[in-house]
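These notes concern the structure reproduced below.
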Amino acid sequence: MKKFFIGVILFANLIISTTIVKAEPLNIDAKAYILIDSKTGQVISEYNADQKLYPASTTKIMTAILGIENADPEQIMTVSQYAIDNIGPGGMNIGLLNGEQLKFKDLLNALLVRSANETAYVIAENIGPTPEAFFKKMNERAKELGATNTNFVNPCGMDTDEAGKNHLSTARDLSLMAKHAMTLPLFRETVKKESFTIPPTNMHSEAYTLPSTNKLFYGKYNSEYYSEVTGIKTGFTSRAAYNLVASAKNEDGMELISVILGCSYYDGVFQESKELLEYGFKNYSIQTLVAANSFVSNVPVADASYNSNLDVVAAEELKCVLSNDPGIWDVITEDVKMNTNISAPIKKGAVLGSVEYKLEGVTLGKVDLVASRDVEKLVIPPTPAQIAISDFNASIFSKVLASLFAILVAFLVLRMTLKRISRYRRYHKS
C-alpha cells in the first residue's frame, strides 16, 4: 500500500512538472490588465481582459493610428473653436487658439506625449471629413484590428457627458490597437519621447516645450529587468480612474506591451505597470524556435536520379518570446505545409514549403522550408527497340527529304529546259 501511495505522488508530480501554468502577478491594483508580446500578440498574463471599461485618453492611440494612416506629417491643420469647446471639464490641453495652424506631426506630439484633448478634435475634423465620420472610422478600424468590444464616441476619451457612458473598450482591445500602432514608425518615434517642442505658429511667436505624461520615463520607475521604456499612452477620468498602456524593451530586443485599466491612484498606475512588465521580463525570454538550416521534414521527389527522399531545412533562424518554463515546448505545435508534385530537377535552397509555429492558437512565427541539396533528374537510357524505332524513323525521314530534294531539282531542270525551248521557237519564228 505504501508503494502505491508513493507511485501516485510521483505520478502527480510528473503531471505538475509537465503542465504549463500561467502564474499571475500578485497584487495588481486594477480593474483589468493584460501583458502581451508586442511582436506576436501572445498573451503572457491577463485579468478581466475582456471587461468593458472606460479607456479615457488611451483612446488617443486609435486617433493617432487613423491620423498617421490618412495624413502627411507635414500637412497643415487648422484649430477650430469646436475643437477647443470639446476639451471637456478638466480635460488636458495645451492652449491652442481658434484659427491656429500646426503641422500634423506637431499635433501628434501634443496628442500622444502631452495628451492634449483639443488636438484629437483638430485631427478628427481635418481627416473626418466630419468629427462624426471620424468617430465611425475609429470603430471600423478598431474592429479590423480585432478590437471587437470597443465603442468610441469621441477621439479623446472624455466620458463625463451622457454619451461618454457608451465610450468603452477593454484591456485586450487596447493591447491589439497598441500592438498595431507600434508597427507605425511615426507612432513609435512619437510615444518614446520624454518631452516635445511645439514650434512657433501663426498665433504663438515662440516655441515651447512640454513633458510627457508617462512617468515611466523618469528614474523612479527604472527597472533592472528592462533597459528602455518605448511608450505608450496614459489616461485618466473620474469614471475611468487611472489607465496606462505601456511598453518596454530589454537588451535582447524583447518588447512587451502592458495595459492597466482602473487603477485607484496616480502613482500606482506607473508602479503597477512596472511590476507587470517586470513579471514578463523575469519569466519570458527570446528563444530560438528553429535554427537556420536545421532539419524540419523530408519529402519524396519524383524523377530523382538517386535517393528520392529529400530533407527540407529551415531557410533562416526563427526566434520568438517564450516562457522560461521548459515544459512550454510540449504545447508548441508545428504546421508543416509542402508544395505538391515535387519533382526533379531541384536546386539546393529552392523553397519547397513552410512551417508555422503556434502556441494556443497564436502564431509565433513562420519560416520557409528549402531543399538541403541538389536533386538531379533521372535520365533513362533508350531500349534497343526504342533505338531501332528511332533509327527507322530517321531513315524514313532521310529518304523522304532526299525524294523531295530530287523532285525540286527535277522541277528546276524541267523549267529551265522549257524556257530554252520557248526561246528557241520564238527565235525561228522571227
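Using a 3.5 Å distance cut-off with no hydrogens or angles, the side chains of Asp159 and Thr237 do pair a donor with an acceptor. Side-chain atoms of Ser264 and Asp29 include a donor-acceptor pair closer than 3.5 Å. Side chain to side chain, Lys137 and Asn70 fail the donor-acceptor criterion of an N or O pair below 3.5 Å. When only modelled atom types and interatomic distance are considered, Ser115 and Ser57 share a side-chain donor-acceptor pair under 3.5 Å. No side-chain donor from either of Asn214 and Thr234 sits under 3.5 Å from a side-chain acceptor of the other. Inspection of the His180 and Glu144 side chains reveals no N or O donor paired with an N or O acceptor under 3.5 Å. Under 3.5 Å, the side chains of Ser212 and Glu194 contain no donor-acceptor pair of N or O atoms. Between the side chains of Asn109 and Lys193, a donor-acceptor pair is found at a separation under 3.5 Å.
One N or O on the side chain of Thr201 and one on the backbone of Met203 form a donor-acceptor pair closer than 3.5 Å. At least one donor-acceptor pair under 3.5 Å links the side chain of Asn98 to the backbone N or O of Gln81. Checking side-chain atoms of Glu272 against main-chain N and O of Asp267 turns up no donor-acceptor pair under 3.5 Å. The main-chain N or O of Glu118 is never found under 3.5 Å from a side-chain atom of Asn93 such that the two would form a donor-acceptor pair. Distance alone, capped at 3.5 Å, is enough to place a donor-acceptor pair between the Asn250 side chain and the Met254 backbone. Here the side chain of Asn202 pairs a donor or acceptor atom with the backbone of Gly99 at under 3.5 angstrom. Between the side chain of Arg172 and the backbone N or O of Ile34, no donor-acceptor pair lies under 3.5 Å. No donor-acceptor pair closer than 3.5 Å links the side chain of Asp173 to the backbone N or O of Ser169. Checking side-chain atoms of Asn243 against main-chain N and O of Pro55 turns up a donor-acceptor pair under 3.5 Å. Not one N or O on the side chain of Ser247 forms a donor-acceptor pair closer than 3.5 Å with the backbone of Ser258.
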Check the pair Glu162, Lys165 against salt bridge (charged side-chain N to carboxylate O under 4.0 Å, His left out), reporting the backbone distance first and the verdict last.
-> CA-CA 6 Å; Glu162 190 63 27; Lys165 292 181 179 179; 3.4 Å; yes
Arg141 and Leu66: side chain to side chain contact (heavy atoms under 4.5 Å, CB included), yes or no, with the steps?
-> CA-CA 8 Å; Arg141 191 72 180 98; Leu66 283 180; 4.1 Å; yes
Apply the test side chain to side chain contact (heavy atoms under 4.5 Å, CB included) to residues Val290 and Val367: give CA-CA distance (whole Å), side-chain angles for both, the deciding distance (0.1 Å), then the verdict.
-> CA-CA 9 Å; Val290 62; Val367 66; 4.1 Å; yes
Walk me through it: do Tyr208 and Leu210 pass the test side chain to side chain contact (heavy atoms under 4.5 Å, CB included)?
-> CA-CA 7 Å; Tyr208 54 100; Leu210 293 168; 3.9 Å; yes
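Within the 4.5 Å cutoff, side-chain heavy atoms of Leu35 are placed close to those of Tyr279. Contact of the Ile346 side chain with the Asp374 side chain is not registered, since no non-hydrogen atoms from C-beta on lie closer than 4.5 Å. Counting heavy atoms from C-beta on, the side chains of Met338 and Val312 come closer than 4.5 Å. Within the 4.5 Å cutoff, the side chain of Leu322 has heavy atoms near those of the Leu364 side chain. Contact annotation: the side chain of Met177 approaches that of Thr150 to within less than 4.5 Å [non-hydrogen atoms, C-beta and beyond].
In terms of heavy-atom proximity, Thr170 sits nearest to Ala49 at CB-O, 3.3 Å. Taking all atoms of both residues into account, the shortest heavy-atom contact from Gly280 to Ile44 is CA-CG2, 4.4 Å. Closest non-hydrogen pair, Ala314 versus Val296, comes out as N-CG2, 4.1 Å. Contact detail for Leu276 and Val259: the closest heavy-atom pair is CD2-O, 4.4 Å. The minimum heavy-atom distance linking Ile94 with Thr119 is given by the pair CD1-CG2, 4.4 Å. Minimum interatomic distance between Val245 and Ala178 (heavy atoms only, all atoms of both residues): CG1-CB, 3.8 Å.
Partners of Phe196 by ring-ring contact (aromatic ring centres under 6.0 Å, His included), not counting sequence neighbours: none found. Every residue meeting the ring-ring contact (aromatic ring centres under 6.0 Å, His included) condition with Tyr242, not counting sequence neighbours, appears here in chain and number order: Phe236, Tyr266. In this structure, the side-chain hydrogen bond (donor to acceptor under 3.5 Å, both in side chains) partners of Ser80, at least two apart in sequence or on a different chain, are Glu125. Checked against ring-ring contact (aromatic ring centres under 6.0 Å, His included), Tyr357 has no partners two or more places apart in sequence or in another chain. When the ring-ring contact (aromatic ring centres under 6.0 Å, His included) test is applied to Phe295, no partner is found at least two apart in sequence or on another chain.
Separating the CG atom in Leu107 from the CG atom in Leu111 is a distance of 8.5 Å, to the nearest 0.5 Å. Atom CG of residue Leu277 and atom CD1 of residue Ile260 lie 8.0 Å apart, to the nearest 0.5 angstrom. Taken from CD1 in Ile84 to CG in Asn117, the straight-line distance is 12.5 Å, to the nearest 0.5 Å. Between the CD1 atom in Ile68 and the CZ atom in Phe104 there is a gap of 5.5 Å [rounded to 0.5 Å]. Here the CG atom belonging to Leu352 is positioned 6.5 Å from the CG atom belonging to Leu310, to the nearest 0.5 angstrom. Once rounded to the nearest 0.5 Å, the distance linking OG1 of Thr230 with CE of Met182 reads 4.0 Å.
A cation-pi arrangement is present between Lys282 and Tyr225 under the rule of less than 6.0 angstrom and at most 45 degrees off the ring axis.
For residues 293-321, no pair satisfies side-chain hydrogen bond (donor to acceptor under 3.5 Å, both in side chains), with sequence neighbours left out.
More than 12 non-hydrogen atoms from other residues, nucleotides or ligands lie less than 6.0 angstrom from NZ of Lys143.
In summary, the aromatic rings of Phe281 and Tyr226 are positioned with their centroids under 6.0 Å apart. The six-membered or imidazole ring of His167 lies near that of Phe152, with a centre-to-centre distance under 6.0 Å.
Using cut-offs of 30° and 60° on the angle between ring planes, the pair Tyr121 and Tyr82 is perpendicular.
Between Glu356 and Lys337 there is no salt bridge, since no side-chain nitrogen of the basic residue lies less than 4.0 Å from a carboxylate oxygen of the acidic one.
Just one of Lys192, Arg188, Lys39 meets the salt bridge (charged side-chain N to carboxylate O under 4.0 Å, His left out) condition when paired with Glu255; it is Arg188.
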